[in-house]
*Asks:* 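Take this structure, written in structure tokens, and hold onto it; I'll ask about it next.
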Amino acid sequence: MRLSQYFLPLLRENPAEAQIVSHRLMLRAGMIRQSSAGIYSWLPLGLRVLKRVEQIVREEQDRSGAQEILMPTIQPAELWRESGRYDDYGKEMLRIRDRHDREMLYGPTNEEQVTEIVRAAIQSYRDLPKNLYHIQWKFRDEVRPRFGVMRGREFLMKDAYSFDLDMAGAKHSYNKMFVAYLRTFARMGLKAIPMRAETGPIGGELSHEFIVLAETGESGVFCDKAWLARDILGQDVEYDSDLEPMYAEWTRHYAATEDVHDPAKCPVAEADLVNARGIEVGQVFNFGTKYSKPMGAVVSLADGGNVPLEMGSYGIGVSRLVGALIEANHDDNGIIWPASVAPFHVGLINIRAADAKCVAAADELYGKLRAGGVMVLYDDRDESPGAKFATMDLIGLPWQLIVGPRGVAAGTLEVKNRRTGERQDLPVEAALNRIAAP
RNA sequence: CGGGGCGUGGCGCAGUCUGGUAGCGCACCUGCUUUGGGAGCAGGAUGUCGGAGGUUCAAAUCCUCUCGCCCCGACCA
């Protein structure tokens, strides 16, 4: 993509309403535009990141055996009456009426919807287990939306729902999602710590929140300081094997949100306990038969009896992750994207748009990169070098290739690593190999 | 939902107290000169001052109502 043709409305100054760094940088880098409180349009650069995050989430869900569906954003109120949540959910649920005066709502979550689908389609224990997920926009009418996409009213969420015959099966489903989440966040270069958490209005007993430690995080958390030194999960997983040892390994060190943390019962000595703030990027719940029972989602057993389904639900805040990734990856000059989610892999800068030799060299390089399947953003604008460097640093592509008169004369170009700031003058082929390395 | 703040060109702001018909920086357009970390000069364009009502010869400015946004707290993927 040529930057001269790209829709990238950059802001040089910080918008007054943006208080935290990810919100500021997303606005300045032209990723999003606010529509109303907590509701955003995603512009080309932001959407590319959102789609890449979404795709990693999707791949890891699929790998774990979950199957993707797509449920509607608008749901009928009667489903929520069946579970009893229509009255419980309160003002956070956006309620609407259609032209026939039927009560509808914009879904804040989909337990009822998916339970209805499964109870109609699954009648026998032989059809279990199942895990269905979708990646869909949600709406929760927050009293006070803030922090850009980190706490929007409208947000993109991956929510998965598991259905099992018994508790043991449900725990295995829980473990699968637990491990899939470790892998998902690890692929984005995020250290997300699984912490014991409250179950909230979704209900149930067993729950973990996946928390990325960050000073700007909204959640207060406590964890064993051993977590700070732990590496992220880097291994493949055999999902059909017994995952209990892996679950045990990743819950070995204490970690809990402040809601469930009880100093009197905490197993960690005070000197080894970290009290920090964090961003919740995912949460897993097991809630048994809370929805299957009132909604009549049952299966027949071998002996002819019926049992309600054991259920769990598993959310990842996809749009929130984009903000969380920036909170975890930035410096004074702008964003520093991990390669796995970067909107482009490399920014190609021609610092002399008026110099025919530089233009020819940069154009040729651009063609080469595209032919090689490299996602490249080519700054071919007629701007000063400083402006181009500042732009590229702001939008945070992992690599910068800089074409200038010095290099063109010497047959080299400059390779800059955005994260380390390291620069090297290399011949073209060597430069292309350099950015291909991880 | 309690408390506070702010709405003036795309962005950041001044002007409001003390009423006289809107200004600055950045961005934008044209031209020339520039070019390795957000260039310079000259010229130019862009505003129902959030909205409605009122007071007044005259309202961004005073009064009333209203809408929106942000911050702190209580609540949440």
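Proteins get letters first, then strands, A, B, ... in listed order; numbering begins at 1 in each.
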*Asks:* Backbone N or O of A:Tyr86 within a donor-acceptor pair of the A:Arg95 side chain at under 3.5 Å?
*Replies:* yes

*Asks:* Now, which nucleotide makes the Watson-Crick or G-U wobble pair with B:G20, with each of the two distances under 3.5 Å?
*Replies:*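 Here B:G20 is engaged in a pair, and the nucleotide opposite it is B:C57.
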
*Asks:* Return the value, rounded to whole Å, for the distance between atom CZ of A:Phe389 and atom P of B:U35.
*Replies:*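 Taking CZ of A:Phe389 and P of B:U35, I get 15 Å after rounding.
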
*Asks:* Is it true that A:Arg58 and A:Glu68 make a salt bridge, defined as a side-chain N closer than 4.0 Å to a carboxylate O?
*Replies:*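 Salt bridge present between A:Arg58 and A:Glu68.
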
*Asks:* What's the gap between B:C26 and B:A39 when it is taken at their P atoms, as a whole Å value?
*Replies:* 11 Å

*Asks:* For B:G25, give its Watson-Crick or G-U wobble partner with both distances under 3.5 Å, or none.
*Replies:*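 By the stated definition (distances under 3.5 Å), B:C11 pairs with B:G25.
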
*Asks:* For B:G20 and B:C62, measure between their C1' atoms and round to the nearest Å.
*Replies:* 14 Å

*Asks:* Should we count CZ of A:Arg33 as having more than 12 external heavy atoms under 6.0 Å?
*Replies:*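 No, the 6.0 Å shell around CZ holds no more than 12 heavy atoms from other groups.
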
*Asks:* Please confirm whether A:Trp80 and A:Tyr89 have ring centers closer than 6.0 angstrom.
*Replies:* yes

*Asks:* Tabulate below the donor-acceptor pairs under 3.5 Å that side-chain atoms of residues 39-48 of chain A make, not counting sequence neighbours, or state none.
*Replies:*
unit_1  : atom_1 : unit_2   : atom_2 : d
A:Tyr40 : OH     : A:His23  : NE2    : 3.4
A:Arg48 : NE     : A:Pro343 : O      : 2.7
A:Arg48 : NH2    : A:Pro343 : O      : 3.4

*Asks:* Is it true that A:Thr109 and A:Glu111 share a donor-acceptor pair across their side chains at a distance under 3.5 Å?
*Replies:*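 Indeed, the side chains of A:Glu111 and A:Thr109 share at least one donor-acceptor pair under 3.5 Å.
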
*Asks:* Is A:Ala354 touching bases, backbone alone, or none of the nucleic acid, heavy atoms closer than 4.0 Å?
*Replies:*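 Base: the residue A:Ala354, judged by heavy atoms under 4.0 Å, touches a nucleobase.
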
*Asks:* Decide whether A:Glu209 and A:Thr257 meet the rule of one side-chain donor and one side-chain acceptor closer than 3.5 Å.
*Replies:* no

*Asks:* Using whole Å, what does the distance between atom P of nucleotide B:U34 and atom CD1 of A:Ile351 come to?
*Replies:* 17 Å

*Asks:* Scan nucleotides 68-74 of chain B against the protein and return all N/O pairs shorter than 3.5 Å with their distances rounded to 0.1 Å.
*Replies:*
unit_1 : atom_1 : unit_2   : atom_2 : d
B:C69  : OP1    : A:Ala37  : N      : 2.7
B:C69  : O3'    : A:Gln34  : NE2    : 3.3
B:C70  : OP1    : A:Gln34  : NE2    : 3.3
B:C70  : O3'    : A:Glu17  : O      : 3.4
B:C72  : OP2    : A:Arg144 : NH1    : 3.4
B:C72  : OP2    : A:Arg144 : NH2    : 2.1
B:G73  : N7     : A:Arg144 : NH1    : 3.4
B:A74  : N6     : A:Arg146 : NH2    : 3.4

*Asks:* Please measure how far the C1' atom in B:C13 lies from the corresponding atom in B:G2, and state the result in whole Å.
*Replies:*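 Those two atoms are separated by 31 Å.
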
*Asks:* Take atom P in B:C49 and the same atom in B:C29, then report the distance between them in whole Å.
*Replies:*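 It comes out at 27 Å once rounded to the nearest Å.
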
*Asks:* Between A:Lys388 and A:Asp380, is the closest basic N to carboxylate O distance under 4.0 Å?
*Replies:*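 No, A:Asp380 and A:Lys388 are not salt-bridged.
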
*Asks:* Once you apply the 3.5 Å cut-off to both distances, tell me the Watson-Crick or G-U wobble partner of B:A42, or none.
*Replies:*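 B:U30 is the nucleotide pairing with B:A42.
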
*Asks:* Closest nucleotide of RNA chain B for A:Arg33 versus for A:Ile316: which of these residues is on the 5' side?
*Replies:*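 Looking at RNA chain B, the more 5' nearest nucleotide goes with A:Arg33.
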
*Asks:* Tell me which nucleotide, if any, is Watson-Crick or G-U wobble paired with B:G73 when both distances must be under 3.5 Å.
*Replies:* B:C1

*Asks:* With rounding to whole Å, what would you report as the distance between B:C70 and B:U64 at their C1' atoms?
*Replies:*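 My reading of the C1' atoms in B:C70 and B:U64 gives 25 Å.
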
*Asks:* Within this structure, what is the CG-to-P distance between A:Asp141 and B:C1, rounded to whole angstrom?
*Replies:* 10 Å

*Asks:* Looking only at atom P, what distance separates B:U55 and B:C69, rounded to whole Å?
*Replies:*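 These two P atoms come out 32 Å apart once rounded.
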
*Asks:* Rounded to whole Å, how long is the line connecting atom CG of A:Asn14 with atom P of B:C13?
*Replies:* 10 Å

*Asks:* Looking just at side-chain N and O atoms, do A:Gln424 and A:Arg434 make a donor-acceptor pair shorter than 3.5 Å?
*Replies:*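 Note: A:Gln424 and A:Arg434 side chains meet the donor-acceptor criterion.
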
*Asks:* Take the protein atom CD of A:Glu92 and the nucleotide atom C1' of B:C1, then report the distance between them rounded to whole Å.
*Replies:*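 So the CD-C1' distance, A:Glu92 to B:C1, works out to 12 Å.
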
*Asks:* Taking atom C1' in both B:C32 and B:A14, compute the distance separating them and give it to the nearest angstrom.
*Replies:* 33 Å

*Asks:* Considering only atom P, compute the distance from B:C24 to B:C41 and round it to an integer number of Å.
*Replies:*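 Each nucleotide's P atom is 15 Å from the other's.
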
*Asks:* Applying side chain to side chain donor-acceptor pair (under 3.5 Å) as the test, list every pair that has at least one member in residues 314-323 of chain A; sequence neighbours left out.
*Replies:*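 Qualifying pairs, neighbours excluded: A:Ser162-A:Tyr314.
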
*Asks:* Which residue pairs pass the side chain to side chain donor-acceptor pair (under 3.5 Å) test when at least one of the two sits in residues 210-223 of chain A, sequence neighbours left out?
*Replies:* A:Thr216-A:Glu327

*Asks:* So, A:Glu54 and A:Lys158, do they make that salt bridge, N to O below 4.0 Å?
*Replies:*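 Not counted as a salt bridge, because no side-chain N and carboxylate O are separated by less than 4.0 Å.
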
*Asks:* Quickly work out the A:Asp382 CG to B:C32 C1' distance and round it to whole Å.
*Replies:* 13 Å

*Asks:* Pairing check on B:U35: which nucleotide meets the Watson-Crick or G-U wobble criteria with it, both distances under 3.5 Å?
*Replies:* none

*Asks:* In the structure shown, which nucleotide is the Watson-Crick or G-U wobble counterpart of B:U48, with both distances under 3.5 Å?
*Replies:*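 Pairing partner, where one exists within any strand: none, as none qualifies.
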
*Asks:* Taking any heavy-atom pair under 4.0 Å as a contact, classify A:Asp393: base, sugar-phosphate, or nothing.
*Replies:*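 Counting heavy atoms under 4.0 Å across all strands, the contact made by A:Asp393 includes a base.
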
*Asks:* Which of residues 404-413 of chain A have a heavy atom under 4.0 Å from RNA chain B?
*Replies:* A:Gly404, A:Arg406

*Asks:* Would you say the rings of A:His172 and A:Phe178 are close, in the sense that their centroids are separated by under 6.0 Å?
*Replies:* no

*Asks:* Please tabulate the protein-to-nucleotide N/O contacts below 3.5 Å involving nucleotides 38-40 of chain B, giving atom names and distances.
*Replies:*
unit_1 : atom_1 : unit_2   : atom_2 : d
B:G38  : O2'    : A:Arg12  : NH1    : 3.1
B:G38  : O2'    : A:Arg12  : NH2    : 2.0
B:G38  : O6     : A:Arg28  : NH2    : 2.8
B:G38  : N2     : A:Thr391 : OG1    : 3.3
B:A39  : OP1    : A:Ser384 : OG     : 3.4
B:A39  : OP2    : A:Ser384 : OG     : 2.8

